[in-house]
Structures are given as C-alpha cells and as structure tokens.
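In the text below, chain A, chain B and the rest are named by the order of the sequence lines, each starting its count at 1. Side-chain atoms are counted along with the backbone in the values below, which use heavy atoms only and exclude waters and symmetry mates.
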Amino acid sequence: MFAVLFEPTADGQRYIDWLLSGLGWTLALAFFGWWIAFAVGIVVGIGRTVQNRAFAALARLYVEVFRNIPVLVQMFLWYFVLPEILPTTLGNAIKQIPPPWGSFFPALICLGLYTAARIAEQVRAGIEALPKGQTEAASALGLSPYLTYRHIIVPQALRLIVPSLTSEVMGIYKNTSVALTIGLMELTAQARQISEATFQTFTAFGAATLIYLALALIAYQGMALIDRAVRIPGTARTDDDIAPNLAEDIQQAGALPAGMEIAK
Amino acid sequence: MVQQTVVDETRRPPAIVAVEGVVKRFGRFTALNDINLSVRAGEKIVLCGPSGSGKSTLIRCINHIETHDSGRIVVDGVELTDRMGDINTVRREVGMVFQSFNLFPHLSIVENCMLAPMKVRGLSRAQAHERARGFLRKVRIHDQADKYPGQLSGGQQQRVAIARALCMQPKIMLFDEPTSALDPEMVKEVLDIMVELARDGMTMVCVTHEMGFAREVADRVVFMDHGAIVEEADPETFFRAPRTERARDFLGQIIH
Ligand SMILES: Nc1ncnc2c1ncn2[C@@H]1O[C@H](COP(=O)(O)OP(=O)(O)O)[C@@H](O)[C@H]1O
Ligand SMILES: [Mg+2]
C-alpha cells in the first residue's frame, strides 16, 4: 500500500523524500519552538507568582493573550500582519526573507510564544503546589527571593510538572501542522502535496498519521525517562531503600505535595 | 548595608532580641497584643501556651517571616521594619527550626546544609562541605549525609534541620514546636540535641510543651494566652507555683 511512496516524482526524488523533508521541518519547528516556549514559559510562570504587582500583571496579560487567541490566527498575525505594522523598511526586509525561512521563523515564534503561555500556567501551578514551608525555610536561612526561586522553588516545581509538560511537548509538534497555512512545507503539507500528485490520498495521509503517532510515542517515552531521571530519591513508592515503617514520617514531612504522587 | 541601631548598651549582657509593644493583626483578629520580651545573649527561653495563643506568630515576627503592625523588634542591634534595606542580613544571624522540618526534598542532606552557607555567607563548596559535615556529626547524622530527606525518619529530618540552621552559625536559634510532629520515640533524640546546643551557650527561644526540657535548660518560661504574655518566671517557679489561673489550667492540661 505504501509502495507509491517509493515511486519517482517529477523532480527526480521519491515521494518518501518529500515526506522526510516535511518531517525534518516539523521536527525543527517543534524542537526549537520548544526551547523558546520552555524559556519564556518559565520566566512568565515565575512572573505570575512574584510579589511585584506590575510584573505579575504583565505575566498574566501575556498568558491571557497568547493562550486565548487561536493558534491559526496567531500564525496569520505573525506572518501577514506583523510586517505591515512594522516600519516600512523593516517590514519589507521581513517580506524579503527567502522561503522556506520566511515561513519558518514566523511559525517558530508563533508556536514558541503560544506554547510558552501554556507552559507558564503549568509552572505557576507547580510553584503554587509547593508547601509554604519551603519558602519560609529558605527565607529563614537568609536566602533572597531570587536565590529561593533559583535553588528551592523552580527546581521542585519543574519536577512536579514533568507529566503535564509531556502533553505540551506533544501539543507543540502537533501544532506545527498549522504552519502549512503560511506556506511551510512541513509533514502535513508534504502529505497533501503527495496526495495531489498521486491521487493516493489514503496512502499519503496514512503515512503522515503513522509518523505523527511514532513521534507521539517517542515524545511520551522520552518524557517518562526524564521524569524518572529527575525523580527525587525517597519520594517514590517503589524506592526500596525506604523502610516501610518510615513511610509515615515521610508523609508527615510534607516534603512534597500530593501532586508528586501523581507525578509518578 | 542596614542601619545599625544599638540598644541597651547599659545592660549586661545586652539584649540580642528586644520586642517592645509589638502588635500583630491578621485582618481584624489580633494575634499579638502589646508583646514585650527581651532575650539576652546566651539566654534560653521557653515559650508555651495554648494552641492559637500567638507563640508561632511571635517567633516568626522575630525573623520577620511575619511583619508586625506596630511596636519595635530589634534583633542583634538592627530594628526590623518594612523599609529596612536587606532583611537577610538579620535572618542569616537567626536560625529557625520548624515543626514540619521544611527540609528541601530535592537536595541531599549535606546539600541542604551547604546551600545557604555558600549562597548567603559566600563560603566555597569545600568550606561549606566541611562545615556541613561537622554539624551533621554534631547532630549524629553524618552517616546519612548523601541521602535525601524523604529517606530519613522524622527525628532524623528534624536533626538535619537543626544542623542546617547551625551551618549558618547563627547568634540565635528559634524553635517552633520542633518535636510536635514526631512520633514519641523520636522526641528524645531531638531534645538531646537541643540540650547540647543549650549547654554550648546558644541563645535559644523555643516554643515547646516539653516540660522536662524546659526544666532542664530554660532560664525563663514565658506563658502566652490570647496573644499576650500572661506570665514570665523561672521554670521551677512556673511549674511549681504558677501565679495565674490560666497558667494553672494550661499546666493541668499538658501534664495529663
Ligand atoms: N496567616 C494567618 N492568617 C490569619 N490568621 C492567622 C495566621 N497565622 C496565625 N493566625 C491566627 O493567629 C493566632 C495565633 O496563631 P499562632 O501564632 O500560630 O498560635 P500558636 O503557635 O500559639 O498555636 C491563631 O488564632 C491563628 O489562627
Ligand atoms: Mg504554633
């Protein structure tokens, strides 16, 4: 059924090469978009929890704006609208960026900033789930608010939210398909092109579907590995170096909120 | 740097903590009502009183985890105000041990003890490590240094919390019911450490209902009720002949 993928195309390649090229753009967009999203998401998520009113309000505004506008609309805003509202020379320079980069960069920024808003909310939830005693103990030791976030709050909050970040990882690479609307030849766009060239619609989209599924599985497994790697010793039920009779004290310690249990 | 306001030069030894007319409200509820308390260097004070009487609030005000609404608190010569430059210059001199331990679960035992000395006191990793080892030995838990808090019993965790505070080499140690969350068989191991600390001359303010401990180390017992200090006496007097009805009721309850 997938034999058609190995037939030669008009430009001397095979259809599977089109798919692989599409996969490459999808992965590039998801990968680099993720790091933008992660970096911005942490900063904004922290911003949602700080005492400074102005900073917290800005972070809130960011989240509400980027989370509530549909990705497709954001894609159009970055691609079509941004060059128009910038000064003419800058706007023209952006329009001159040759393909595929002229589509790739707006798509990258769009997905990065959209996903950042979602990650920010996860980070905030992770921070708010930590017991108040953690901040108090840090303050009592003379750690400044910055040091407390840096060494106590953020490291614990990030561990807590690894499972919910898994769905954000999956989300960003699924959303890469929206980039086809601004002309990026990523996986879905290539599948459509194959379908149009060969009239084998089922094969073309079937292959793309299988690739998306494989990516989902890889992302899921990868995040599960990370979850295990960053797990705090002594917090896992399966950890056999905790004597059973200590379980109660560990609970009492309130070391980690119930969320950590789910995190496993 | 923080303005140094020296108080009580005349008295000897000088008060290292001076609480004068302190009022603390939570909304319309008055948690501390005109508290006056002075702690001299080397003194050991036991704070007791019924639940909700304001003991935790008082010691949390002393290291500014809670901010007081009026009155003055002077710690180690520095008055605590909202406008003060850097509260952390005071906090690093004041160690605190919490009822619920509050160890950092993602750091190993020795890292729990090294973090603040490195980041706040500016010690090198090697210096901080050596100091942490020393205090962990003092609380008899050095063989667990590379474990994580979640792998220790409650009593062990509380001893680590004491070591962590001591690693900052504070001038004062505050304890907020350090043994209340512990199983009975673990209370003694923590109290033993606190007694040793007292013998070493540490200035201590302890909220505790462990009357044996109070008898053994306290210079003064301060009894609080409804946000006010009701009675202040040496332990022998307080336990044998409490002056107020409320203190008698309270002692009657905790002894049985
Ligand atoms: N953050 C807070 N918000 C509102 N009320 C509080 C807060 N902290 C303490 N209180 C109230 O202040 C009173 C004194 O509390 P606390 O100092 O914890 O008492 P104690 O330690 O003596 O049991 C209690 O009635 C308590 O409910
Ligand atoms: Mg209390």
| task | Would you mind checking which part of A/I152 comes under 4.5 Å of any heavy atom in chain B, side chain (CB onward), backbone (N, CA, C, O), both or neither? | result | both
| N/O donor-acceptor pair under 3.5 Å between B/H106 side chain and A/H151 backbone | yes
| field | Other residues, nucleotides, ligands: >12 heavy atoms within 6.0 Å of A/Y220 OH | value | no
| query | Under a 4.5 Å heavy-atom cutoff, which of B/K119, B/M168, B/R92 has the most pairs with chain A? | reply | B/K119
| query | Can you find a heavy atom in the side chain of A/E136 that is under 4.5 Å from one in the side chain of B/R60? | reply | yes
| Which bit of B/F98 comes within less than 4.5 Å of chain A, counting heavy atoms only: side chain, backbone, both or neither? | side chain
| If you count the non-hydrogen atoms of other residues, nucleotides and ligands that lie under 6.0 Å from CD in B/E130, is the total more than 12? | no
| request: Side chain from CB out, backbone as N, CA, C, O: work out which of these in B/R121 comes under 4.5 Å of a heavy atom of chain A, or both, or neither. | output: neither
| query | Would you say A/Q51 has more than 12 foreign heavy atoms packed within less than 6.0 Å of its CD? | reply | no
| Does some side-chain heavy atom of A/S139 sit less than 4.5 Å from a side-chain heavy atom of B/R91? | yes
| query | Does some side-chain heavy atom of B/F104 sit less than 4.5 Å from a side-chain heavy atom of A/L141? | reply | yes
| task | Report the residues that fulfil salt bridge (charged side-chain N to carboxylate O under 4.0 Å, His left out) with B/K138, sequence neighbours left out, ordered by chain and then residue number. | result | B/D200
| request: Evaluate the side-chain proximity of A/L143 to B/L115: yes if any heavy-atom separation is below 4.5 Å, no if none is. | output: yes
| task | Please name the pair of heavy atoms, one in B/I65 and one in A/A140, separated by the smallest distance, quoted to 0.1 Å. | result | CD1-CB, 4.2 Å
| query | Does the side chain of B/P105 come within less than 4.5 Å of A/Q134's, by heavy atoms? | reply | yes
| query | Got more than 12 heavy atoms from elsewhere within 6.0 Å of CZ, A/R118? | reply | no
